[in-house]
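Below is one structure, written out as structure tokens, with a few remarks after it.
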Amino acid sequence: SSCNRVLFGACLPYIYRQRLKNMARSAGLSSTFVDVVDIRGVILKAAMEKDLSALVRKVRSLLAVSIEKLKRAEPVKVHHIQVEQAALVVGGGIAGMRAALSLAHRGIQVHLVERAADLGGRPMRRLHYTLDGLDPKGLAAQTQQRVWEHDRITVHRRSEVLSSRGSIGRFQTVIGSDAGESVEIRHGVTIVATGGHEASTAEYSYGQSDRILTQGELEDGLATGAIDVQELSRVVMIQCVGSRERGGHDYCSRVCCAAALKNTFKILEGNPGARIIVLYRDLMTYGAMEQYYTRARGAGVVFATYDPKAKPQVELVGGLPRVTWEDAVLGQPVSTRVDMLVLSTAIEPDASNVDLAQAVGVDLTPDGFFQEADSKWRPVDFAKEGIFLAGTAHSPRPLVEAICQAEAAAQRAFTYLSGGHMTTAKVTSRTHDALCALCQQCVTVCPHHARSIDEANQRLVVDEAACQGCGMCASVCPSGASELLGLGDRQIMAVIDASLSDVPMA
């Protein structure tokens, strides 16, 4: 037979598509020249309408469109790329260390970059205990020891990423240290796990009295013994300080309510008679943490709501804070003098995220955290292939969730490293140099940073490993120089013509 293209009309094509393409490939046909079209939806709709003539017409039209698409299909080749068997992990907190260990245990050489002098991040410096009874410092110290002892992990302390170029499988990154030294490493993937920190505030007279603290400062004092719980007969905590409102932090940090609960339990553990009042907007004790909220209420902790339009008022009387708020149940103001006022401020990203995002070529959210490719389908991937994220670099999250996300990021990274090589996407873009005016609109709009200017030869270069065939470059090119392989203008116009006319089958 002289047939060089095959079209299948099938029901539930997602079941058969790969199998049918493999069959055609074994017969000597390129998978580009094989297509499977779904006719099930048309049949079901026509069956419901009981219109046989409409069924035949719609099936013919659907098949005609697919035939025109196949007629003008071009053979698209994939390219094999060798993948550097090394990984770069940015951030030496618990998430970064766990991701590094996960990859190192799989035989991958890992470079771990940390700005501070020591590893461990927030769990080592500010996190003393958790609501569910974990020992963050012990966990961080144990993980840190395992990192130092692993022969496949190279730790770069007091260092940061200065620049990074290349694409998945073949990155080249320059790491600079505080001493002014720099080193260039080659690696196949990157994991960003830079963490965050507790925000400061100027609200509620913070900074004017040592009796007004943040949750992190209270935790430090309770853990080190600097705060005597026996002196805390009355404590008020205010949630969502500078959070979930315009002009501050628009988001919910998700860990503030848990921090308030764990500190109430810590106070009651040392002083069961303490009177604790928590003023909140919405208490975010999601999932299994709801049990601790119930337990706190049973222990006598008072939870009272406040309206963000009428926030609690704080004044210092005799060196002690006096808190006044409108009680929603009583419908009148309530005022109390307290031994300690505790403010639940947000978890915010590090300012260095901006420089790091520019260096590695990824995006940030409006809040300054790193932006994942898709919150549902690719929650630990960046839009730029080969770069992944974990922990508070993505958003505020509890310790357990940060560890789980670090393992997920490491697993995603290993899928690219494990084979030693990878193939490029079948549908990638190309540039017709004769038509290109070097306006660079396609470079600006490319979300995957797959296009760049070759200054020496004055032409556009497409990185096929980074290109994902989204078509943004082709849509903005004013001269038609940018084109997707396998989706040329002639093919698209033929498909449009077939869609707009009732084409009979030959």
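Positions are given from 1 along the sequence.
H128 approaches A223 most closely through the heavy-atom pair CG-CB, 3.4 Å. The two residues P312 and L279 make their nearest non-hydrogen contact at CG-CD1, 3.8 Å. The two residues L222 and Y129 make their nearest non-hydrogen contact at CD1-OH, 3.7 Å. Between Q239 and A260, the shortest heavy-atom distance links the atoms OE1-CB, 3.5 Å.
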Can you give the donor-acceptor pairs under 3.5 Å from side chains of residues 350-359 to other protein atoms, not counting sequence neighbours?
| residue | atom | partner | partner atom | Å |
| --- | --- | --- | --- | --- |
| D350 | OD1 | H197 | ND1 | 2.7 |
| N353 | OD1 | T194 | OG1 | 3.3 |
| N353 | ND2 | G368 | O | 3.2 |

Sequence neighbours excluded and cut-off under 3.5 Å, please list the side-chain donor-acceptor pairs for residues 388-404, or say none.
| residue | atom | partner | partner atom | Å |
| --- | --- | --- | --- | --- |
| H394 | ND1 | R397 | NH2 | 3.0 |
| H394 | NE2 | E372 | OE1 | 3.4 |
| S395 | OG | R397 | NH2 | 2.7 |
| R397 | NE | G391 | O | 3.4 |
| R397 | NE | S395 | O | 3.3 |
| R397 | NE | Q405 | OE1 | 3.3 |
| E401 | OE1 | R254 | NH1 | 3.4 |
| E401 | OE1 | R254 | NH2 | 3.0 |
| E401 | OE2 | R254 | NH2 | 3.4 |
| E401 | OE2 | Y286 | OH | 2.8 |

Using atom types as modelled, flag every donor-acceptor pair under 3.5 Å from a side chain in residues 438-450 to any protein atom, sequence neighbours excluded.
| residue | atom | partner | partner atom | Å |
| --- | --- | --- | --- | --- |
| T444 | OG1 | Q440 | O | 3.2 |
| H448 | ND1 | A383 | O | 2.8 |
| H449 | NE2 | G361 | O | 2.9 |

Donor-acceptor list for residues 288-301 side chains, cut-off 3.5 Å, not counting sequence neighbours:
| residue | atom | partner | partner atom | Å |
| --- | --- | --- | --- | --- |
| E290 | OE1 | T285 | OG1 | 3.1 |
| Q291 | NE2 | A288 | O | 3.1 |
| T294 | OG1 | E290 | O | 3.2 |

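Counting heavy atoms from C-beta on, the side chains of Y204 and V342 never come closer than 4.5 Å. Contact annotation: the side chain of T324 never approaches that of V334 to less than 4.5 Å [non-hydrogen atoms, C-beta and beyond]. Between V110 and T154, the closest side-chain pair of non-hydrogen atoms is not below 4.5 Å. Two residues are said to be in side-chain contact when any heavy atoms from C-beta on lie closer than 4.5 Å; M237 and L218 meet this criterion. The side-chain heavy atoms of R234 and T336, taken from C-beta on, include a pair separated by under 4.5 Å. Side-chain contact check for V362 versus V192: every heavy-atom pair is 4.5 Å or farther apart.
Formation of a donor-acceptor pair under 3.5 Å by the T130 side chain with backbone atoms of L134 is found in this model. A donor-acceptor pair under 3.5 Å is absent between the side-chain atoms of S482 and the main chain of C477, judged by distance alone. Although no hydrogens or angles enter the test, the distance criterion places no donor-acceptor pair under 3.5 Å between the side chain of T143 and the main chain of A141. Not one N or O on the side chain of R337 forms a donor-acceptor pair closer than 3.5 Å with the backbone of R322. Side chain of T214 to main chain of E217: a donor-acceptor pair is present (N/O by atom type, distance under 3.5 Å, no hydrogens or angles).
Taking the side-chain contact (heavy atoms from CB on, under 4.5 Å) definition, one finds that E114 meets it with A116, L119, sequence neighbours left out. By the side chain to side chain donor-acceptor pair (under 3.5 Å) test, Q215 pairs with N263, S344, sequence neighbours left out. Listed by chain and number, the residues in a side chain to side chain donor-acceptor pair (under 3.5 Å) with Q313 amount to none (sequence neighbours excluded). The side chain to side chain donor-acceptor pair (under 3.5 Å) search around E203 returns K311, not counting sequence neighbours. For H150, the side chain to side chain donor-acceptor pair (under 3.5 Å) test picks out H105, with sequence neighbours left out. Qualifying side-chain contact (heavy atoms from CB on, under 4.5 Å) partners for S163, counting only residues two or more places apart in sequence or in other chains: V174.
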Please walk me through it: do L88 and V189 pass side-chain contact (heavy atoms from CB on, under 4.5 Å)?
-> CA-CA 6 Å; L88 171 67; V189 297; over 6 Å; no
Kindly determine whether T431 and R451 satisfy side-chain hydrogen bond (donor to acceptor under 3.5 Å, both in side chains), including the steps that lead there. CA-CA 10 Å; T431 300; R451 288 177 159 257; 3.0 Å; yes
Legend entry - Chi angles and distances behind the side-chain contact (heavy atoms from CB on, under 4.5 Å) call for D454, L460: CA-CA 6 Å; D454 181 355; L460 268 167; over 6 Å; no
Run the side-chain contact (heavy atoms from CB on, under 4.5 Å) test on R211 and D339 for me, step by step, so that the C-alpha distance in whole Å, both residues' side-chain angles and the decisive distance to 0.1 Å come before the verdict. CA-CA 7 Å; R211 297 284 182 158; D339 301 304; 4.1 Å; yes
Decide salt bridge (charged side-chain N to carboxylate O under 4.0 Å, His left out) for E219 and R126; before the verdict, give the C-alpha distance in whole Å, the side-chain angles of both, and the deciding distance to 0.1 Å. CA-CA 8 Å; E219 183 175 339; R126 296 297 300 273; over 6 Å; no
| Are R125 and D220 close enough, and set up right, to give a salt bridge (charged side-chain N to carboxylate O under 4.0 Å, His left out), and what steps lead you there? | CA-CA 9 Å; R125 295 189 293 268; D220 278 341; over 6 Å; no
For this session: Check step by step if side-chain contact (heavy atoms from CB on, under 4.5 Å) holds for F382 and D363.
Result: CA-CA 8 Å; F382 282 101; D363 298 323; over 6 Å; no
Point to revise | CA sep, side-chain torsions, deciding dist, call: Q109, R152, side-chain hydrogen bond (donor to acceptor under 3.5 Å, both in side chains) | key: CA-CA 5 Å; Q109 186 68 36; R152 292 195 184 93; 5.9 Å; no
- Query: What's the verdict on side-chain hydrogen bond (donor to acceptor under 3.5 Å, both in side chains) for T173 and E184, showing C-alpha distance, side-chain angles and the deciding distance?
  - Reply: CA-CA 5 Å; T173 299; E184 182 176 277; over 6 Å; no
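Checked for salt-bridge contact, R378 and E385 meet the test: a charged N lies under 4.0 Å from a carboxylate O. Under the 4.0 Å criterion applied to side-chain N and carboxylate O atoms, R244 and D282 are assigned as salt-bridge partners.
Here the CD atom belonging to E245 is positioned 12.0 Å from the OH atom belonging to Y251, to the nearest 0.5 angstrom. With rounding to the nearest 0.5 angstrom, the CG atom of D118 is 7.0 Å from the CE atom of M124. The CD1 atom of I191 sits 5.0 Å away from atom CG of L103, with the distance rounded to the nearest 0.5 Å.
Taking the six-membered ring where the residue is Trp, the centroids of H187 and H111 are separated by 6.0 Å or more.
Applying the side-chain hydrogen bond (donor to acceptor under 3.5 Å, both in side chains) test to pairs two or more places apart or on separate chains, none has a residue in residues 267-278. For residues 84-103, the side-chain hydrogen bond (donor to acceptor under 3.5 Å, both in side chains) pairs, not counting sequence neighbours, are E84-R186, R98-E407, S102-R106, S102-E407.
With hydrogens and angles left out, the side-chain atoms of D367 and H249 include no donor and acceptor closer than 3.5 Å.
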